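All values reported here derive from a predicted model rather than from experimental measurement. A note on names: the letters A, B, ... follow the listed sequences, proteins ahead of strands, and every chain is numbered from 1.
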Number of protein chains: 2
Amino acid sequence: MAFPILSAQEAAELIKNGDNIGLSGFTASGSPKVITEALAAKAVKEHEAGRPFKVSVFTGASTNNHADGALARANAIARRTPYQNTPDLRLRINSHDCHYFDLHLSELAQKFRYNTYGELDWAILEVAKVFENGEVVLGTGVGNVPTYAAKAKKIFLELNTKLPEGLYGLHDIYMPLDPPHRREIPIYTPSDRIGHPTVKIDPSKIAGIIHSDAYDGIKGFTALDDTTLQIGANVCNFLIGEVRAQRIPQEFLPIQSGVGNVANAVLFGLGDAKELPPFAMYTEVIQDAVIDLMRMGRCKFGSTCSLTLSDAKEAEVLDDLDFFRDKIVIRPAEISNSPEVIRRLGVIAMNTALEADIFGNINSTHVVGTRMMNGIGGSGDFTRNGYLSIFSCPSITKGGLISNIVPMCSHIDHTEHSVDVIITEQGVADIRGLDPVQRAERIIDNCAHPMYKELLRDYLKLGKGGQTPHHLAASLGFHTAFQNTGDMRLTDWSQYA
Amino acid sequence: MAFPILSAQEAAELIKNGDNIGLSGFTASGSPKVITEALAAKAVKEHEAGRPFKVSVFTGASTNNHADGALARANAIARRTPYQNTPDLRLRINSHDCHYFDLHLSELAQKFRYNTYGELDWAILEVAKVFENGEVVLGTGVGNVPTYAAKAKKIFLELNTKLPEGLYGLHDIYMPLDPPHRREIPIYTPSDRIGHPTVKIDPSKIAGIIHSDAYDGIKGFTALDDTTLQIGANVCNFLIGEVRAQRIPQEFLPIQSGVGNVANAVLFGLGDAKELPPFAMYTEVIQDAVIDLMRMGRCKFGSTCSLTLSDAKEAEVLDDLDFFRDKIVIRPAEISNSPEVIRRLGVIAMNTALEADIFGNINSTHVVGTRMMNGIGGSGDFTRNGYLSIFSCPSITKGGLISNIVPMCSHIDHTEHSVDVIITEQGVADIRGLDPVQRAERIIDNCAHPMYKELLRDYLKLGKGGQTPHHLAASLGFHTAFQNTGDMRLTDWSQYA
């Protein structure tokens, strides 16, 4: 069967105002790169002509500047889920031009199949190869492709010539049945393969093939500074201590690591922590540092939802796929982030906090409680079900104007019930088995920056009793001081007395 | 092998200051009834003699007046987890006499096996029968018995003569291997049995058998009032609508229901909702209403961690076990509350909120943000992994002095990411797929009490932007107004302008 070849503009012309669209990929990796640009251009024209034009966009996680970026600049996104990290879309979300709802990444595919969000008009899928029967080899990220391909009425395939056909075999495509017919997800070790190397698409749904030719466009991480290096070292020393104390098995356990500079520093530290055996990852994102750890033999296997690599590293991996073929599997998000599998494997979950409060709650999403940064992503999937759940962040931001350890989080994404350990460059607070006041004392002592310790201790004295002795009127005092003066250090507890 | 018969006092004498003790049961059901009373008496004597005496108590969930009640009155509990609901213990927790940490019930057994909380000196297990090889038939609640029996250095068995040997066969005792050796938990329908009817105990660890003779001492629920009946009707109508809309399969899905009067009203409503097919439960607690639903043929099977029945209903069930034998299975807490199984089965999770905020967060534990009520219990296990997660509560308490719909929860146990539907006697707010402001509008419109709608709408206008437009200084204004005046209606937003 020969599929029609379309230009991105021809494809975009077929998409209507109000349509629901599912995009391939997870982070920029595997996200479409050309149709969404053309769709944004169409939206601009429609808006100039006085006609409404917005679509709802469902993805695996964040996307890229071609998709979220272009569509947001065109104000063409009506509804968006489950995660994003594009500056222009962030602006639209915080100004209420776009209705964004922030969802655990493991849940979107099944919620879609449960008919929670309506019908899917289109799927736009980046692929490395199309077979005549409609089967496709995906790119560097999977996300929710199996579900979008099954549910979409019509499908566009972006055939990216930068992607070698040798990607065949790296993916493991599996879609569980839905309740009450669901069975176990039969993964018992990170390298288990349970599905197919391709996505099987009904060929009658393929509306066209569109050519593209670009890497994922991801920038390298900034160089590690002393603070992030110290956080990484603290995480590694903590893990070594847990193995010594036999609270982590001697053979170690699979690791999940979030994205960003702190996560990168942790991975860097693991490369050096020779007291730990070579390890496997069961994670949602493999970033540059993991590739280096694989070259060093420190990371022996990575199960992921995407290869979120800088362009240079992506080219290196795609040119040397034979080395990585037995070391990487790329899975759908509901499998990479499956609570069932995460709990079974005993994943050590390591994620980054925007802020932590002294009682052990974590804010991952909202700046000063109101402005959405990116979203919860997969952090909840791993934190809630991991063997051990670690959050790390620098103790301060902006040279100390902001303390990331606060009396009460201004928004809570992970509750005290799900957080085991908090780590900053100052130290490690293992809060397992502690009551709220004990947690507060340990977090202040071990994690807060010295310039904030006394302010936090004084807050703890303000409370008038109860197991969690908050003083409610003062509890967000750090944040309101920052709003009023630009400096949390100017918090004045006496005004609440 | 003949095991020594001890008095409760003799047993208590063997327990030392600082010991860690694991108790059988889940709620009052299956909890020990005599040794803990003797232990409390010993603690009083030790304290009178000027000697320290406290033990750490690990359970399945809450216990009873003989255990938590007596030990708390004697101020004999050093550490306590994962849940409690005894007034005297609540006082000790809120005055910091007892270090209580509030944990998802599915996690305690595995955390114990991961060596997170130290060694277990004693297990005290209520049993219906002891075999010569050390096998025991448990009572009406299991909790974490398999793990406590395996980990404890020594074990006391409370042989309760009120419990018939016919309980043999109602339990399904299964303990998963720990990572990296864990396999799937092979439950695919609520009635699947995967383990043994007895707990196999190393006979050399049995330090003695102690006789007891009492029902669990649970009181019946108070009569349903108009508010709780309306909440129950709203839940049922919502579920019927979801089946009609084909967002819930026609064969329906297993139900989990929390404990208490609101939960009881929901179950009562399900008995009448003949448009729904007879249903199964995959839940942690079976209370009186479920027994009636089984008699009516409305509930066809119940998988649970305990039979939490009033004494009269307990006697009725224990006298007629043959009727219930193919309708009930009692499992360990890590299985009844397993995230893996809950997500696989597609459980409809229905739990009660203390308060909900307009953005969809839930407080299940802390009164006015500071005083611990009971704990999170299993609500997080089910909410986070259910097919559909519903929270219900009355819109107001104390005749309107308190609104249970607030601008910002004073403590968060379930985040916006995990909450699908909020239901009060006023109506239903289905917040799936909505952004924060849309959620706020729907919750205020559909769930808030009319006497609070304008105050809540005015709060929403105070915020200065961002996706979640909180006004941080005012966000806990309902609570501080209540602290200052005893009436949330007296909240004055103008003071924050």
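At a threshold of 4.5 Å between non-hydrogen side-chain atoms, the residues A/Met408 and B/Leu476 count as touching. You'll find the side chain of A/Arg384 reaches within 4.5 Å of the side chain of B/Asp381, heavy atoms only. Counting only heavy atoms from C-beta outward, the side chains of A/Glu184 and B/Arg183 never approach each other to under 4.5 Å. B/His417 has its side chain within reach of A/Asp102: a pair of non-hydrogen atoms, C-beta onward, lies under 4.5 Å apart. A/His411 places none of its side-chain heavy atoms less than 4.5 Å from the side chain of B/His470.
No cation-pi contact links A/Arg432 to B/Tyr117, judged by a cut-off of 6.0 Å to the six-membered ring centre and 45° from its axis.
Counting only N and O atoms by type, the side chains of B/Gln483 and A/His471 include no donor and acceptor under 3.5 Å apart. Of the N and O atoms on the side chains of B/Arg343 and A/Ser106, at least one donor lies less than 3.5 Å from an acceptor on the other residue.
Heavy atoms closer than 4.5 Å to chain B are found in the backbone of A/Cys98, but not in its side chain. For a residue to count as touching a neighbouring chain, one of its non-hydrogen atoms must lie under 4.5 Å from one of that chain's; by this rule A/Val368 touches chain B with backbone and side chain alike. Heavy atoms closer than 4.5 Å to chain B are found in the side chain of A/Asp420, but not in its backbone. B/Thr116 touches chain A through backbone and side chain together, each having a heavy atom under 4.5 Å away.
Taking every heavy atom of both residues into account, A/Ser410 and B/Leu472 meet most closely at CB-CD1, 4.3 Å. Here the closest heavy-atom approach between residue A/Phe101 and residue B/Leu434 is recorded as CB-O, 3.4 Å. For B/Pro249 against A/Pro179, the heavy-atom pair with the smallest separation is CG-O, 3.8 Å. Closest heavy-atom contact between A/Asp413 and B/Thr415: O-CG2, 3.5 Å.
Interface check for chain B: of the options A/Leu103, A/Leu253, A/Val367, the most heavy-atom pairs under 4.5 Å are formed by A/Leu253. No other option in B/Tyr387, B/Tyr100, B/Phe359 has as many heavy-atom pairs under 4.5 Å with chain A as B/Tyr387. Of the residues considered (B/Gly346, B/Ser338, B/Pro339), B/Pro339 shows the highest number of contacts with chain A, using heavy-atom pairs under 4.5 Å. Note on A/Gln110, A/Gln438, A/Arg344: by heavy-atom pairs under 4.5 Å with chain B, the leading option is A/Arg344. With chain A as partner, the option from B/Arg371, B/His99, B/Lys111 having the largest number of non-hydrogen pairs under 4.5 angstrom is B/His99. With chain B as partner, the option from A/Met372, A/His104, A/Glu107, A/Arg80 having the largest number of non-hydrogen pairs under 4.5 angstrom is A/His104. Across B/His96, B/Glu416, B/His479, B/Glu242, the residue that shares the most heavy-atom pairs under 4.5 angstrom with chain A is B/His96.
For the side chain to side chain contact (heavy atoms under 4.5 Å, CB included) test with B/Gln467, the passing option among A/Thr370, A/Asn94, A/Thr365 is A/Asn94; the others fail.
B/His181 NE2 to A/Thr189 OG1: the interatomic distance, rounded to the nearest 0.5 Å, is 10.5 Å.
Residue B/Glu119 qualifies as open at atom CD: its count of foreign heavy atoms under 6.0 Å is 12 or below.
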